[in-house]
Protein chains: 2
Amino acid sequence: MQKMNNKNQIFIDKLRSSGLRPTKQRVEISTFLFKRKKTFHFTVEELKNSMNLKRSKKISTATFYNTVHALKSAGYLKEFSLENNTSYYDTNISSHHHFFDNGKVIDIKSDKITFKKLPEAPKGKKIKNVEVVIRLENNN
Amino acid sequence: MQKMNNKNQIFIDKLRSSGLRPTKQRVEISTFLFKRKKTFHFTVEELKNSMNLKRSKKISTATFYNTVHALKSAGYLKEFSLENNTSYYDTNISSHHHFFDNGKVIDIKSDKITFKKLPEAPKGKKIKNVEVVIRLENNN
DNA sequence: ACTTAGTTTAGAACTATTATAAAGTAGATA
DNA sequence: TATCTACTTTATAATAGTTCTAAACTAAGT
């Protein structure tokens, strides 16, 4: 592969350290996803559209799916589902909470919600994580 | 429609009071869903399979979808989504919480979880409900 | 440069769901 | 009870999101 701008080196290393060959497509997708100040939420279709819009040579749909799955398996993305039955991905992988406002999703930092009481895990199980969804409606 | 066993009258009234004509199919589906001690969770496909298994004259897929949507709109069912992108429905419509254990869903009564701290709704919005998902994993 | 295992790609296939429009039926009316 | 009509059911087609397939391509080790 042609040598890339050094500023992508961090993503190349990130991919390689997860056993993912840093192909052109994977590096570009990773850069697009992770090189930003704020974390964000997206569907694969949204990601594909916004990245391919500015490209002459398009990245294929299958590659977007493959790469997003690979990044999720490697622990760089978190998946969640809304009632419209499409997968959303979150670049914020730390345990946190969400406002759901008619299909719009807003992060809530973990420390904004604390519990007074939580149930025990059933026998033989343990708690992996606890996530809260606060559904919003308009104030009228 | 042929007169039905009186024990279904409650479901007939329930449907009629929501503006839903109590057809044979709707009454049977409602009876199947709501005439049980414990609330439960299902997908439309699961509902269809388990009801049609014991029937000579099958109810169509479209009717299962139509009826489940109608019951949801009428407020008798609650919808939620797992990461597999299929809609699950819950006959427990009261606000409550869930354990998610590898695709298996277990109800948590509302009073089993209480909060010490919760964020404000964004300006112009108010909180419709707050639901917690506790993800489980095996204890090894 | 050569090799090969891993990757990308277009397109087919699949799954859950929604739309269509023709046939059937509940319930009102006479 | 017979008739009428709007609502409902049904089989089927269509759609959306996603996964599969297998041929072409490429990163990276030799």
Side-chain angles (χ1 to χ4, degrees), chain A residues 1-4 8-9 11-30 41-49 51-52 55-74 77 79-89 103, chain B residues 1-4 8-9 11-30 41-49 51-52 55-74 77 79-89 103:
Chain A
M1 184 174 128
Q2 193 186 322
K3 195 162 159 201
M4 277 204 139
N8 292 325
Q9 194 57 46
F11 301 113
I12 294 175
D13 295 346
K14 210 169 169 175
L15 286 164
R16 219 187 296 269
S17 74
S18 304
L20 296 168
R21 185 180 290 182
T23 62
K24 194 150 49 78
Q25 292 89 336
R26 286 177 175 166
V27 173
E28 291 197 35
I29 294 172
S30 299
H41 308 106
F42 63 94
T43 66
V44 172
E45 205 61 21
E46 288 166 358
L47 176 66
K48 185 183 91 174
N49 292 338
M51 284 195 68
N52 274 345
R55 296 173 56 90
S56 44
K57 175 113 181 49
K58 312 298 186 191
I59 297 175
S60 75
T61 304
T63 295
F64 282 106
Y65 277 99
N66 290 342
T67 301
V68 165
H69 288 163
L71 292 174
K72 186 199 163 192
S73 296
L77 290 173
E79 185 182 357
F80 62 94
S81 255
L82 262 48
E83 274 76 12
N84 60 0
N85 298 328
T86 63
S87 285
Y88 286 75
Y89 295 89
Chain B
M1 183 177 130
Q2 194 187 322
K3 196 163 158 200
M4 275 203 141
N8 291 325
Q9 193 58 44
F11 301 114
I12 294 176
D13 294 345
K14 209 168 169 175
L15 287 164
R16 218 187 296 271
S17 75
S18 303
L20 296 168
R21 185 178 289 181
T23 61
K24 193 148 50 78
Q25 292 87 337
R26 286 176 176 165
V27 173
E28 291 197 35
I29 293 172
S30 299
H41 309 105
F42 62 95
T43 66
V44 172
E45 205 62 22
E46 288 166 357
L47 175 66
K48 184 184 90 173
N49 291 338
M51 284 195 67
N52 274 344
R55 297 173 55 90
S56 43
K57 175 114 181 47
K58 312 298 188 193
I59 296 175
S60 74
T61 303
T63 294
F64 282 106
Y65 276 98
N66 290 342
T67 300
V68 165
H69 289 163
L71 292 173
K72 186 200 165 193
S73 296
L77 290 172
E79 185 181 356
F80 62 95
S81 257
L82 263 47
E83 274 75 13
N84 60 0
N85 297 328
T86 63
S87 285
Y88 286 76
Y89 295 89

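Every value quoted in this text rests on a predicted model; they were computed, and no experiment measured them. By convention in this document, chain letters (A, B, ...) are assigned in the order of the sequence lines, proteins followed by strands, and residues within each chain are numbered from 1.
Legend: residues meeting ring-ring contact (aromatic ring centres under 6.0 Å, His included) with A:F64, ordered by chain and number and at least two apart, are absent. Applying the salt bridge (Lys or Arg N to Asp or Glu O under 4.0 Å) criterion to B:K14, with sequence neighbours excluded, gives no partner residue. Partners of A:K58 by side-chain contact (heavy atoms from CB on, under 4.5 Å), not counting sequence neighbours, listed by chain and number: A:N52.
Taking atom NZ on A:K48 and atom P on D:dT18, their separation rounds to 11 Å, with Å as the unit. Atom P of nucleotide C:dT17 and atom CD of B:E46 are separated by 10 Å, given to the nearest angstrom. For A:E83 and C:dT17, the CD to P distance is 12 Å, given to the nearest whole Å. The distance between atom CD of B:E28 and atom P of C:dA26, rounded to the nearest whole Å, is 12 Å. Spacing between atom CG of A:L20 and atom P of C:dA5 amounts to 19 Å, rounded to whole angstrom units. As a whole-Å value, the separation of B:L15 CG from D:dT8 P is 10 Å. Residue B:Y88 contributes atom OH, which lies 15 Å from atom C1' of C:dT17 at whole-angstrom precision. For the pair B:L71 CG and D:dT8 P, the interatomic distance rounds to 12 Å; values are reported in whole Å.
Of all heavy-atom pairs spanning A:R26 and A:T67, the tightest one is CG-OG1, 3.9 Å. Shown here for B:E83 and A:S81, the closest heavy-atom pair between the two residues is CA-OG, 3.9 Å.
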If you apply the rule side chain to side chain contact (heavy atoms under 4.5 Å, CB included), what do you find for A:F42 with A:V68, and how did you get there? CA-CA 11 Å; A:F42 63 94; A:V68 165; 4.1 Å; yes
What's touching nucleotides 14-16 of chain C from the protein side, N or O pairs under 3.5 Å?
none

Show each protein N/O and nucleotides 10-14 of chain D N/O combination with a separation under 3.5 Å, one pair to a line.
unit_1 : atom_1 : unit_2 : atom_2 : d
D:dT10 : OP1    : B:Q25  : NE2    : 3.2
D:dT10 : OP2    : B:S60  : N      : 3.1
D:dT10 : OP2    : B:S60  : OG     : 3.3
D:dT10 : OP2    : B:T63  : OG1    : 2.8

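Between A:H41 and A:F80, the ring planes are perpendicular. Angles over 60° get that label, and only those under 30° would be called parallel.
Position along DNA chain C of the nearest nucleotide to B:Y89 versus B:R16 favours B:Y89 as the more 5'-ward residue.
Of the residues A:I29, A:L71, A:T23, the one that meets the side-chain contact (heavy atoms from CB on, under 4.5 Å) test with A:L15 is A:L71.
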Spell out protein contact along nucleotides 1-7 of chain D as letters: B when the base is contacted, S when just the sugar-phosphate is, - when no protein heavy atom is under 4.0 Å; keep the 5' to 3' order. -----BB
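For B:D13 and B:Q9, the side-chain atoms include at least one donor-acceptor pair closer than 3.5 Å.
Between C:dT17 and B:H69, no contact under 4.0 Å exists linking OP1 or OP2 to a side-chain N or O. Checking the phosphate oxygens (OP1, OP2) of D:dT9, a side-chain nitrogen or oxygen of B:T23 falls inside 4.0 Å.
To the nearest 0.5 angstrom, A:N8 atom CG is 13.0 Å from A:K24 atom NZ. Rounding to the nearest 0.5 angstrom, the gap separating the OG atom in B:S17 from the CD1 atom in B:I12 is 12.0 Å.
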